[in-house]
Number of protein chains: 2
Amino acid sequence: MRSPNDSADKTRKRILATAEKLFAQKGYNGVSVREITQSAKCNLAAVNYHFGNKKNLYFDVFRYQLLPRLAEIETRFEDNLAKQTEINLETIIRTLTLVFIEKHLNNLGNESLNSMMHREINNPTGAVEIVIKEGMAPFFEVLIKQLKPYLPENMDEIKIKLNIFSMIAMSLYFSLAQLPVTTITGKEYNETFINQLTEHIVSFALHGLYGNSGEIC
Amino acid sequence: MRSPNDSADKTRKRILATAEKLFAQKGYNGVSVREITQSAKCNLAAVNYHFGNKKNLYFDVFRYQLLPRLAEIETRFEDNLAKQTEINLETIIRTLTLVFIEKHLNNLGNESLNSMMHREINNPTGAVEIVIKEGMAPFFEVLIKQLKPYLPENMDEIKIKLNIFSMIAMSLYFSLAQLPVTTITGKEYNETFINQLTEHIVSFALHGLYGNSGEIC
DNA sequence: GTCTATAGCAGGATAGAC
DNA sequence: GTCTATCCTGCTATAGAC
C-alpha cells in the first residue's frame, strides 16, 4: 500500500536526482527548469511546487544529494580500510585514492559530487559551504585520526591538512581533467591507465607526504 | 595620429579584455552580451559586429587572450629559471610553482586563465583544446627538457608527464580552492600562508617526484 | 564603425482548473 | 499534488539610420 505522500515524494526525489545529474553536467546557468522537469518526466510547475524556485532546488541538491554522497565516500573509505590485512601509510593513501578514483570504473555517483564542488569552487553561491562544513570537515577529522599514528610526531595539524589537500588535489585533477591528460600523454582512460594513475598518485603522495616531514631520505 | 582602424581595434580589444574577466568570473552562461558591452562601455551590437556572435567571442578570448597568457607564463618560467644561481630539481620545481602561485600576490591575470581552464574542464566546449594543444603541449616539452637531466634515467616520458600534472594539480587546487582550504585550515590567504603553501607544494613535489623514480629512500 | 530599435525566442514563475 | 495556460522579463541577433 502507498501512503498518500508516496507519489509526491517520488516526484520530489526524481527531480532531485535529475537536477543533480544535469547541474553537474552543465552548471546552474546551463540548465533550465524546463529541461529538468522534462528529463524527470514531471510537470514544469513541480519544481516550484516542491522547491519554491530554481535556486532552492540547487541548494537542496547539495543538502540532500551531495552531502549524503560525501558521507558514503567517508564510510566506504573506513570500510575498505578495515578490510586491509595490514594498515600502514601506504594502505591508507591507497584506500583514500581508490575511493576518489573508483567512479571511473563503476558509476557510484561521485562524479557529480566532484564536478559540482569543482564548479562551486569557481563561483561560490553559498551552496558549497554546506558541503565543506558538514561533509569535508568531519572527513578530514577521520583522515587525520587515521594518518597521525603513522606520521612523524613533529608534523603539526596544518601540515597534515595540507598533505591531505594535496592528495585530494591530485585525485580530483586526474579524475576531472581527462581531456588535457589524454591529449598530452596520448593515453585513453582505460583500466590499465587508470591503474597506472592510481599507482602514480599513491607513490607520489607517499613520498611527498613522508619526505615532507623533514626526515630527509 | 590615429590610423583609421585604431578606434575599432580599441573597442575590439576592450571587449576581449572585459569578456575574459567576466567569463572567468561567471562562466559562459552566467554572462550576457549586454553585461559585456556595458562593462566594456560600448554598444550592444559591437559584439556581433566584431565577433559575429557570443560563442565566437568566447572562442576568441581563448585564442587571443588566454593563449598569449600561457605563453607569458612559459616565458616567465624560463626567465626566472635562468636567473637562478644554481639549477637543480628543487629550483626548477620552486620556479614552476611560483609562476603558478604568484597571481595571488600581484595581479598578472593568470587567474582568468586558470579559472577558465578549470571551467572548461567541467564542460568542454571545444575552446580548451586550442589552449591544450597550442599552449600546454609546448610548455610540457620545455618542462620535460628542463627536468630530464635531473631525473633518474629509468623514468619514462609518461611518468614524467604524470609528475608534472601532479605538480600543476596541487598549484591549481591551492590557488582556486581557497574556500575549502581556508575553512578547514582556518588560515587566510595572506603572504605568510601563501609562502607556507608554496614551500609545502615544493617539498611535497620534490619528494613525490624523486621518490617516485623507484629510488627508495 | 557605431548606434537605436526591435524582432523573435527562451527563461522563471504563477494562477487557477482539476 | 498535478497540470495547462500564460505573464513577463531578459536574452541573442539583426535591420537599418547615421
Side-chain angles (χ1 to χ4, degrees), chain A residues 1-64 116 119 123 125-127, chain B residues 1-64 116 119 123 125-127:
Chain A
M1 262 192 75
R2 303 172 83 185
S3 84
N5 287 328
D6 238 35
S7 143
D9 248 41
K10 277 194 175 168
T11 304
R12 199 190 132 86
K13 281 182 181 157
R14 225 167 46 240
I15 293 174
L16 275 174
T18 311
E20 178 191 344
K21 197 184 68 189
L22 292 174
F23 282 141
Q25 275 168 17
K26 313 185 186 186
Y28 181 79
N29 289 309
V31 189
S32 66
V33 175
R34 286 174 159 80
E35 194 180 351
I36 294 169
T37 50
Q38 272 163 28
S39 178
K41 292 189 208 312
C42 68
N43 193 269
L44 171 62
V47 160
N48 297 85
Y49 177 76
H50 285 284
F51 302 94
N53 56 37
K54 184 187 174 186
K55 195 102 201 169
N56 217 333
L57 166 59
Y58 185 71
F59 271 71
D60 278 0
V61 167
F62 276 83
R63 256 190 284 271
Y64 300 116
M116 287 185 78
R119 281 177 190 289
N123 47 342
T125 62
Chain B
M1 260 192 73
R2 302 173 83 185
S3 84
N5 288 327
D6 238 34
S7 143
D9 247 40
K10 278 195 175 167
T11 304
R12 198 190 132 86
K13 280 181 183 160
R14 226 167 45 239
I15 293 174
L16 274 174
T18 310
E20 178 191 343
K21 197 184 68 186
L22 292 173
F23 282 142
Q25 277 168 16
K26 314 185 186 186
Y28 182 79
N29 290 308
V31 189
S32 66
V33 175
R34 280 160 212 278
E35 194 179 350
I36 294 169
T37 51
Q38 272 164 27
S39 178
K41 292 189 209 309
C42 68
N43 193 269
L44 172 61
V47 161
N48 297 86
Y49 177 76
H50 285 285
F51 304 94
N53 55 39
K54 184 187 174 184
K55 195 102 202 169
N56 217 333
L57 166 61
Y58 185 71
F59 270 73
D60 279 359
V61 167
F62 276 83
R63 256 189 285 271
Y64 301 114
M116 287 185 77
R119 280 176 190 290
N123 47 341
T125 62

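First the proteins, then the strands, lettered A, B, ... as listed; each starts at 1. Reckoned from all heavy atoms, side chains included, excluding hydrogens, waters and symmetry mates.
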Please confirm whether the shortest side-chain N or O distance from N43(A) to OP1 or OP2 of dG1(D) is below 4.0 Å.
no
How long is the line joining CZ of R12(B) and C1' of dT2(C), in whole Å?
16 Å
Looking only at the side chain of Y49(B) (C-beta and beyond, no hydrogens), which of the listed nucleotides dT12(D), dC3(C), dG1(C) gets closest?
dG1(C)
Nearest-Å distance, CG (L44(A)) to P (dG11(C))?
10 Å
Integer-rounded Å distance: dA10(C) P and K26(A) NZ:
15 Å
Any donor-acceptor pair, under 3.5 Å, between the side chain of R34(B) and the base of dG10(D), if you only look at N and O atoms?
no
Any idea which of dA13(D), dT4(D), dA13(C) is nearest the N53(A) side chain?
dA13(C)
Minimal heavy-atom distance between N123(A) and Q25(B), with the atoms involved, is CB-O, 3.5 Å
What is the distance from CD of E35(B) to P of dA13(D), rounded to the nearest Å?
16 Å
Treating S39(B) as the side-chain partner and E35(B) as the backbone partner, does any N or O pair qualify as donor plus acceptor under 3.5 Å?
no
For a quick test of reading the model: is some side-chain N or O of S32(A) closer than 4.0 Å to OP1 or OP2 of dA10(C)?
no
Output, in order, the C-alpha distance, side-chain angles, deciding distance and verdict of side chain to side chain contact (heavy atoms under 4.5 Å, CB included) for L57(A) and I36(A).
CA-CA 11 Å; L57(A) 166 59; I36(A) 294 169; 4.0 Å; yes
Parallel, tilted or perpendicular for F23(B) and Y28(B), by the 30°/60° rule?
parallel
N or O in side chain of N48(B) less than 4.0 angstrom from dT12(D) OP1/OP2:
no
Round to a whole Å and report the spacing from NE2 of H50(A) to P of dC3(D).
9 Å
Does T11(B) place a side-chain N or O at less than 4.0 Å from the phosphate oxygens OP1/OP2 of dT2(C)?
yes
In whole angstroms, how far is the P atom of dT14(D) from the CG atom of N56(B)?
12 Å
In whole Å, what is the span from the CD1 atom of I36(B) to the C1' atom of dA13(D)?
14 Å
If you take all heavy atoms of R119(B) and G27(B), which pair is closest and at what distance?
CZ-N, 3.3 Å
How close or far is atom P of dT12(D) from atom CZ of F51(B), stated in whole angstroms?
15 Å
